[in-house]
Amino acid sequence: MSGLRVLVCCPNGAGVSLMMESVLRKVADRSGLELAQLCHSSIQQGEKTAGEYDLVLCPAELAPRLKDWESRVDIIGLKNPLSRREMQERLTAYCQSKAQERDRQ
């Protein structure tokens, strides 16, 4: 999948999400994942803009709070939001799933 639009969210949009954005940039560079757009924000701001993205990454404990976003965007909650390994694994699985969906159409 190329040109993925990703929003990274945390409660305030200034701590964990900013660090997750940095980790995601490194993961994308290593794996060759093309990011068309990458932003970080608070949950409050993310709620307004979630539909503009393909995917939202957040800490796993926040994912249940984002359930009402699922009609507009895919959500991945990470147990360890700063783990390159977990992020790589989850993004790889996500991209493979999306590729399979496209192939079925």
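Model, not experiment: these values are computed from the prediction. Counting from 1, the numbers follow the sequence of the chain as shown.
- A 4.5 Å side-chain heavy-atom check between Glu47 and Arg72 finds at least one atom pair inside the cut-off.
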Trace of the side-chain contact (heavy atoms from CB on, under 4.5 Å) decision for Cys9 with Leu62
CA-CA 9 Å; Cys9 284; Leu62 295 181; 5.8 Å; no
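- For the pair Val6 and Leu35, the minimum side-chain heavy-atom distance is below 4.5 Å.
- Pairing each heavy atom of Ile75 with each of Trp69, the nearest pair is CD1-CB, 3.9 Å.
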Give the C-alpha distance, both sets of side-chain angles, the deciding distance and a yes or no for side-chain contact (heavy atoms from CB on, under 4.5 Å) between Leu57 and Leu7.
CA-CA 6 Å; Leu57 291 178; Leu7 177 64; over 6 Å; no
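- Rounded to the nearest 0.5 Å, atoms CD (Gln96) and CG (Leu91) are 11.0 Å apart.
- Going from atom CG of Leu18 over to atom SG of Cys39 covers 12.0 Å, rounded to the nearest 0.5 Å.
- Atom CG of Leu33 is separated from atom CD of Gln88 by 8.0 Å, given to the nearest 0.5 angstrom.
- Contacts of Arg5 classified as side-chain contact (heavy atoms from CB on, under 4.5 Å), with partners at least two apart in sequence or in another chain: Ala36, Gln37, Tyr53, Asp54.
- The pair Lys67-Glu70 meets the salt-bridge criterion, with a side-chain N (NZ, NE, NH1 or NH2) lying under 4.0 Å from an Asp/Glu carboxylate O.
- For residues 24-33, every residue pair satisfying the side chain to side chain donor-acceptor pair (under 3.5 Å) rule, not counting sequence neighbours, is listed here: Glu21-Arg25.
- A single hydrophobic cluster is seen to contain both Tyr94 and Val27, as judged by linkage of ILVMFWY side chains at heavy-atom distances under 4.5 Å, directly or through other members.
- When all heavy atoms of Pro64 and Ala60 are compared, the pair lying nearest together is CD-O, 3.4 Å.
- Residues satisfying the side-chain contact (heavy atoms from CB on, under 4.5 Å) test with Asn80, not counting sequence neighbours, are Leu82, Ser83, Glu86.
- Screening Glu61, Glu89, Arg90 for a side chain to side chain contact (heavy atoms under 4.5 Å, CB included) involving Leu78 leaves a single residue, Arg90.
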